[in-house]
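Order of the sequence lines fixes the chain letters, A, B, ..., with proteins taken first and strands second; residue numbering starts at 1 for each chain.
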There are 2 protein chains.
Amino acid sequence: METILTLTEAASRLAAWDDILVVCHANPDGDALGSMSGLVRGLRALGKRADWYCPDQVPEPFVYLFRGLENSGLVPVHTVTVDVADSKLLGPGEGRFAGKVELAIDHHSTHRPFAKERWVSAAAATAEMVWLLLKELAVTPDAAMASCLYTGMATDTGCFRYRNVTPQTLRLAAEALEAGASAGDINQKLFETKTLAYFRAERRILEDMELFCGGKAAMVLLPQSFYAETGAREDEAEAAVGQLRQIEGVLLGITVKEKPDGGIKGSLRANPPVNAAAICERLGGGGHAGAAGCTLEGMSIAEAAEKMRAACEQYFAEIGCI
Amino acid sequence: METILTLTEAASRLAAWDDILVVCHANPDGDALGSMSGLVRGLRALGKRADWYCPDQVPEPFVYLFRGLENSGLVPVHTVTVDVADSKLLGPGEGRFAGKVELAIDHHSTHRPFAKERWVSAAAATAEMVWLLLKELAVTPDAAMASCLYTGMATDTGCFRYRNVTPQTLRLAAEALEAGASAGDINQKLFETKTLAYFRAERRILEDMELFCGGKAAMVLLPQSFYAETGAREDEAEAAVGQLRQIEGVLLGITVKEKPDGGIKGSLRANPPVNAAAICERLGGGGHAGAAGCTLEGMSIAEAAEKMRAACEQYFAEIGCI
């Protein structure tokens with residue numbers, strides 16, 4: 001039932017379909033939103049009826065992706081997910097879509113099958129895959145479509161900085177620029193615009209962080225109170241904790257974040273030879289070697305932090321890193 | 001006498017020459033050093049004798065570019081500069097090379113001719129031009145050569161983030177990755193490794209900075225004492241002041257730096273519609289729209305700051321920005 005497709009097969013599915021709903025994961029990032037909006041624009045360019053659904057509110061920096069892309073309110077005949085590695089990552093959408101997804105398009109090697117069919121490929125971003133898909137469907141991307149998919153390519157690679165960048169990544173980004181993607185504006189907005197609240201968040205994180213495993217791991221707790229105290233948005237805190245992995249000598253940055261619903265989200269960002277996905281998988285999560293996450297339920301933030309620290313220390317001991 | 005060459009003509013000059021000295025500018029950055037080391041590696045791969053000369057000490061983060069690239073001490077028959085926009089930017093090298101440079105390879109639109117011949121092209125980095133030159137010369141880049149030129153391409157674009165990135169930039173970077181450039185390691189070292197001293201420098205800069213022109217300009221002074229007080233290296237302070245332009249609402253970040261020799265170096269980083277080169281040219285300097293510099297002699301850091309502030313305010317008034 002859970003069939004694995006090639007690029008060509010995934011394209012022929014979409015070519016044959018109409019009244020399509022494209023869904024991304026909860027707690028969406030630039031790749032989830034960029035892939036989703038880019039694919040809907042592409043399908044509409046082919047004359048198809050297509051809508052999008054995001055299980056959470058679209059974060060403010062990414063609202064531009066949906067300009068002119070209002071939903072029609074169609075009744076979906078076919079449901080497609082982008083960038084979703086596990087049905088539980090649909091969050092509030094899981095109940096609605098579980099068992100109903102016909103095609104999953106995803107780049108996570110830790111993908112746990114949930115759709116009738118899936119195209120899973122080793123790209124740096126789902127947006128690369130959608131770009132290739134639209135080329136296969138002979139869509140000529142306009143500037144808006146190119147900007148959406150460029151957004152996904154840039155965000156999942158830290159603006160072409162992370163180790164997941166491949167020659168294909170750079171070439172597809174070049175094509176997106178040629179198709180009119182506003183790379184300069186997007187880069188400035190997403191990577192080069194910081195509020196003073198961001199800098200407060202960064203300072204607080206550096207003051208509060210705890211180093212362990214001989215200075216190779218850095219952990220910080222983000223209780224709900226963090227946001228009011230610093231004035232930072234959630235995505236700003238997300239960017240600020242990205243600094244942890246950059247501290248000289250640190251191989252693993254760990255954020256333990258209290259969600260509004262009471263669950264605790266752990267986020268790991270790792271430098272080689274540490275593999276973040278390997279650690280998160282032991283805690284029921286997943287992701288990539290450089291970036292992975294997990295969710296811990298039914299415990300306090302302090303208990304979650306202890307559990308994560310223990311998992312990291314055990315991993316470090318196993319790889320002989322301490 | 002000062003002839004403008006095409007790519008093909010510049011390549012045929014190098015093809016015909018031997019005993020070549022490649023020179024970069026003082027206060028070298030990643031593009032100067034990467035272009036210089038990459039070109040020397042390419043010329044040696046063609047069986048030519050080639051050495052390199054940097055008018056200042058190679059900053060620590062870039063020492064890897066010169067691994068296995070010891071100079072032979074040859075007597076140069078031909079002198080080539082890379083990334084040098086003005087002979088005075090040769091600094092300590094100006095006396096030695098002024099009037100002796102046969103070929104200047106440069107990407108700065110503000111290039112002031114000083115060499116017998118020059119190839120000046122609108123690339124994001126001189127390293128792109130050197131890559132094209134080596135292709136024209138039928139050099140097959142090895143991993144070390146590719147790493148050198150990738151370094152130039154990445155540093156001058158803020159790791160493919162700035163507005164100077166073009167489709168060519170991304171495609172040549174893709175070629176460099178395919179040729180074996182250690183992009184992941186280079187990116188981590190240059191863009192993702194920060195000492196705690198860096199974070200102290202950043203915090204100090206944010207505390208000391210002064211906003212003017214209605215919050216659109218941010219200026220900070222870096223006296224010589226800054227480095228001892230924060231423990232930061234010069235390149236770290238350079239990276240930290242890069243944060244100024246990123247503050248929401250700021251269009252122009254200005255650094256006024258006291259050099260050991262007593263001169264004052266002004267550095268401007270601008271977002272559109274502000275043009276940093278236009279401001280610096282009025283002060284005898286130059287550069288690019290997004291990044292430019294100037295040197296002010298014979299005055300204190302405070303006097304230099306006032307002069308720069310006045311030039312910025314006048315510019316803002318002219319473009320109707322305040």
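At a 4.5 Å heavy-atom cutoff, the contact between A:I247 and chain B is made by backbone and side-chain atoms alike. If you measure heavy-atom distances from A:I186 to chain B, you find no contacts under 4.5 Å at all. Both the backbone and the side chain of A:A173 come within contact range of chain B, with heavy atoms under 4.5 Å apart. Only the backbone of A:T166 comes within contact range of chain B, with heavy atoms under 4.5 Å apart.
Counting heavy-atom pairs closer than 4.5 Å to chain A, the top-ranked of the candidates B:A154, B:P167, B:G242 is B:P167. The greatest number of non-hydrogen atom pairs below 4.5 Å with chain B, out of A:V165, A:T193, A:L196, is found for A:T193. Chain A forms the most heavy-atom pairs under 4.5 Å with one residue out of B:V250, B:L177, B:N164, and that residue is B:L177.
Annotation for B:E60: atom CD counts as buried by contact number, over 12 foreign heavy atoms lying within 6.0 Å. For B:Q57, the CD atom counts as loosely surrounded, since its 6.0 Å shell holds 12 or fewer non-hydrogen atoms of other residues, nucleotides or ligands.
Atom-to-atom distance recorded for B:M153:CE and A:L170:CG is 10.5 Å, nearest 0.5 angstrom.
Across all their heavy atoms, B:F160 and A:Y150 have their closest contact at O-OH, 4.5 Å.
With contacts defined as side-chain heavy-atom distances shorter than 4.5 Å, the pair A:N271/B:Q188 qualifies. Annotation: side chain of B:K194 is not in contact with side chain of A:E248 (no heavy-atom distance under 4.5 Å). Under the 4.5 Å side-chain criterion, counting only non-hydrogen atoms from C-beta, B:N187 is not in contact with A:R163. At least one side-chain heavy atom of A:Q243 sits under 4.5 Å from a side-chain heavy atom of B:F199.
Judged as a side chain to side chain donor-acceptor pair (under 3.5 Å), the pairs with a partner in residues 170-182 of chain B (not counting sequence neighbours) are, in order, A:R171-B:E178, A:E178-B:R171, B:W131-B:E175, B:K135-B:E175.
Note on B:R245 versus A:E192: salt bridge recorded, some NZ/NE/NH1/NH2 to OD/OE distance being below 4.0 Å.
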